[in-house]
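Working notes, beginning with the structure itself.
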Amino acid sequence: MEYTVFNVRIPGKELVFRHTAASVSEFISIRDDLIIDAFGVQAVRKADIISVELNPVPYRFAYFEIHNEWPGNEQKLWKWVYSLPEDERKAVAERYQD
């Protein structure tokens, strides 16, 4: 099963949430009031969501593997991530998903 790992903030918590949406924009455009994760284990009410972002962990490992150093900051990491073609970003996320 293909899924993307998101950090979802709701009041009082930050969840590591696996979902089949491929991007943050696709995740936040889900029309359902209750969003259920890819495995049916977690659910979050859309109205409770404060913010959603991609989980950076898979991309940190890929960056290190390619550059032989850790990215110095989040901005550098995300600039590199978004410079990748979408299919390559998806492949990185799948490779390091667990």
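By the rule that hydrophobic residues join a cluster once side-chain heavy atoms approach within less than 4.5 Å of another member, Val8 and Ile30 end up as members of one cluster. A chain of hydrophobic side-chain contacts below 4.5 Å, direct or via other Ile, Leu, Val, Met, Phe, Trp or Tyr residues, connects Trp78 to Trp70.
In this structure, Arg18 and Val16 have side chains that are in contact, with non-hydrogen atoms separated by less than 4.5 Å. Considering only heavy atoms from C-beta on, Lys46 stays 4.5 Å or farther from Asp32 through its side chain. Looking at Ile49 and Ile35, their side chains come closer than 4.5 Å, going by heavy atoms from C-beta outward.
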Pairs of donor and acceptor atoms involving the side chains of residues 52-62, under 3.5 Å and at least two apart or interchain, shall be tabulated with distances.
| from | atom 1 | to | atom 2 | distance (Å) |
| --- | --- | --- | --- | --- |
| Asn55 | OD1 | Val57 | N | 3.0 |
| Asn55 | ND2 | Asn7 | OD1 | 2.8 |
| Arg60 | NH2 | Glu74 | OE2 | 2.0 |

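Residues passing the ring pair (Phe, Tyr, Trp, His ring centres under 6.0 Å) test with Phe27 are Phe6, Phe17, His19, sequence neighbours excluded. Legend: residues meeting side chain to side chain donor-acceptor pair (under 3.5 Å) with Glu14, ordered by chain and number and at least two apart, are Arg9. In this structure, Ser29 has no side chain to side chain donor-acceptor pair (under 3.5 Å) partners at least two apart in sequence or on a different chain. Under the rule for a salt bridge (charged side-chain N to carboxylate O under 4.0 Å, His left out), the partners of Glu65 that lie at least two apart in sequence or sit in another chain are Arg95.
The two residues Ala43 and Leu34 have their closest heavy-atom pair at CB-CD1, 3.9 Å. Closest approach of Thr20 and Glu26 over heavy atoms only: O-OE2, 4.3 Å.
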Next item on the list: Check the pair Ile36 / Val44 against side chain to side chain contact (heavy atoms under 4.5 Å, CB included), numbers first and verdict last.
Entry: CA-CA 7 Å; Ile36 301 170; Val44 64; over 6 Å; no
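Between the side chain of Asp48 and the backbone N or O of Ile10, no donor-acceptor pair lies under 3.5 Å.
Taking OH from Tyr82 and CG from Leu84, the interatomic distance works out to 10.5 Å, rounded to the nearest 0.5 Å. Atom OG of Ser23 is separated from atom CZ of Arg89 by 8.5 Å, given to the nearest 0.5 angstrom.
Annotation for Asp33: atom CG does not count as buried by contact number, only 12 or fewer foreign heavy atoms lying within 6.0 Å.
Sorted by first and then second residue, the pairs that involve residues 75-85 and meet salt bridge (Lys or Arg N to Asp or Glu O under 4.0 Å), not counting sequence neighbours, are Glu69-Lys76.
When ring centroids are compared, Trp80 and Tyr63 come within the 6.0 Å threshold.
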